[in-house]
Amino acid sequence: MNYWLMKSEPSAFSIDDLVRAKREPWSGVRNFQARNFIKEMRKGDQALFYHSSADRIGVAGAMSIGSDPYPDPTQFDPKSQYYDPKSRKEKPIWYLVDVCFEKKFNELIPLQEIKARKELAGMLVAQKGSRLSIQSVSKKHFEFIVDLPE
DNA sequence: GCCAACGTTGGC
DNA sequence: GCCAACGTTGGC
């Protein structure tokens with residue numbers, strides 16, 4: 001079992017959207033490093049839902065990975081903002097997983113708190129210039145965040 | 001294969 | 001809106 005952190009701008013897709021949808025294909029990852037993490041994901045892994053570029057930045061909840069990785073259909077759709085003309089159906093470039101809602105925190109855990117907590121020292125998301133939209137998280141850090149008293 | 005220019009991310 | 005960080009592109 002592996003643990004992840006997945007970023008989304010809540011104006012595009014938020015934890016509340018996932019509450020309603022229950023399950024959602026996490027489409028649109030177009031960065032090779034992030035794509036490589038997606039390919040390592042397996043059904044049953046756990047992930048933190050992170051809100052970036054918003055009024056309130058931080059971890060908004062938790063989800064589970066609901067599928068193994070499969071080709072992101074938006075890469076083949078010329079009408080999609082995620083369309084990639086270089087990709088071929090026989091050899092897709094971009095992958096995604098389905099995510100399933102698990103938990104919404106009563107209070108979002110702010111990035112500032114993640115930076116301040118010594119128990120969370122070393123988390124990539126708290127490092128300056130950490131733009132990677134899919135990150136690996138240690139079991140220890142994942143459980144600490146999910147169990148933070150609210 | 002180098003690296004400058006350019007574009008995007010994302011915190012502030 | 002600014003700007004640092006950094007990934008990507010393309011000329012050479």
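Quick note on labels: first sequence line is chain A, next is B, and so on, each numbered from 1. Please read all numbers here as calculations on a predicted model, not as lab measurements.
The list of ring-ring contact (aromatic ring centres under 6.0 Å, His included) pairs with a residue in residues 57-102 of chain A, not counting sequence neighbours, reads A/Phe32-A/Trp94. Pairs of residues two or more places apart, or lying in two chains, that qualify as side chain to side chain donor-acceptor pair (under 3.5 Å) and include a residue from residues 53-67 of chain A are A/Ser64-A/Glu102. The stretch residues 27-47 of chain A participates, sequence neighbours left out, in these side chain to side chain donor-acceptor pair (under 3.5 Å) pairs: A/Trp4-A/Asp45, A/Arg30-A/Asp72, A/Arg30-A/Thr74. Residue pairs meeting the ring-ring contact (aromatic ring centres under 6.0 Å, His included) criterion with at least one member in residues 121-146 of chain A, sequence neighbours excluded: A/Tyr3-A/Phe142.
The distance between atom CD of A/Gln112 and atom P of B/dG10, rounded to the nearest whole Å, is 18 Å. Taking atom CG of A/Leu111 as the reference point, atom C1' of B/dC12 lies 11 Å away to the nearest angstrom. Atoms CD1 (A/Ile134) and P (B/dG10) sit 10 Å apart, rounded to a whole Å.
Within residues 46-57 of chain A, no residue has any heavy atom under 4.0 Å from DNA chain C. Of the residues in residues 25-35 of chain A, those lying under 4.0 Å from DNA chain C by heavy-atom distance are A/Asn31, A/Phe32.
For the side chain to side chain contact (heavy atoms under 4.5 Å, CB included) test, residues two or more places apart in sequence or in another chain that qualify with A/Pro73 are A/Leu96. In this structure, the side-chain hydrogen bond (donor to acceptor under 3.5 Å, both in side chains) partners of A/Gln135, at least two apart in sequence or on a different chain, are A/Ser130. With sequence neighbours left out, the salt bridge (Lys or Arg N to Asp or Glu O under 4.0 Å) criterion links A/Asp68 to no other residue. A search for side chain to side chain contact (heavy atoms under 4.5 Å, CB included) contacts involving A/Lys115 returns A/Leu111, A/Ala126, not counting sequence neighbours. With sequence neighbours excluded, no residue forms a side chain to side chain contact (heavy atoms under 4.5 Å, CB included) with A/Lys22.
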Exercise. Would A/Gln75 and A/Ser87 satisfy side-chain hydrogen bond (donor to acceptor under 3.5 Å, both in side chains), going step by step from the backbone distance to the final call?
Worked result: CA-CA 7 Å; A/Gln75 70 194 303; A/Ser87 192; 2.7 Å; yes
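Closest non-hydrogen pair, A/Cys100 versus A/Met63, comes out as O-CB, 3.0 Å.
Phosphate contact (OP1/OP2 of B/dT9, side-chain N/O of A/Lys128, threshold under 4.0 Å): absent.
Checking B/dG10, C/dT9, B/dC12 against every side-chain atom of A/Lys115, the shortest atom distance belongs to B/dC12.
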Check: protein-nucleotides 6-8 of chain B nitrogen or oxygen pairs below 3.5 Å:
| residue | atom | partner | partner atom | Å |
| --- | --- | --- | --- | --- |
| B/dT8 | O2 | A/Arg131 | NH1 | 2.5 |

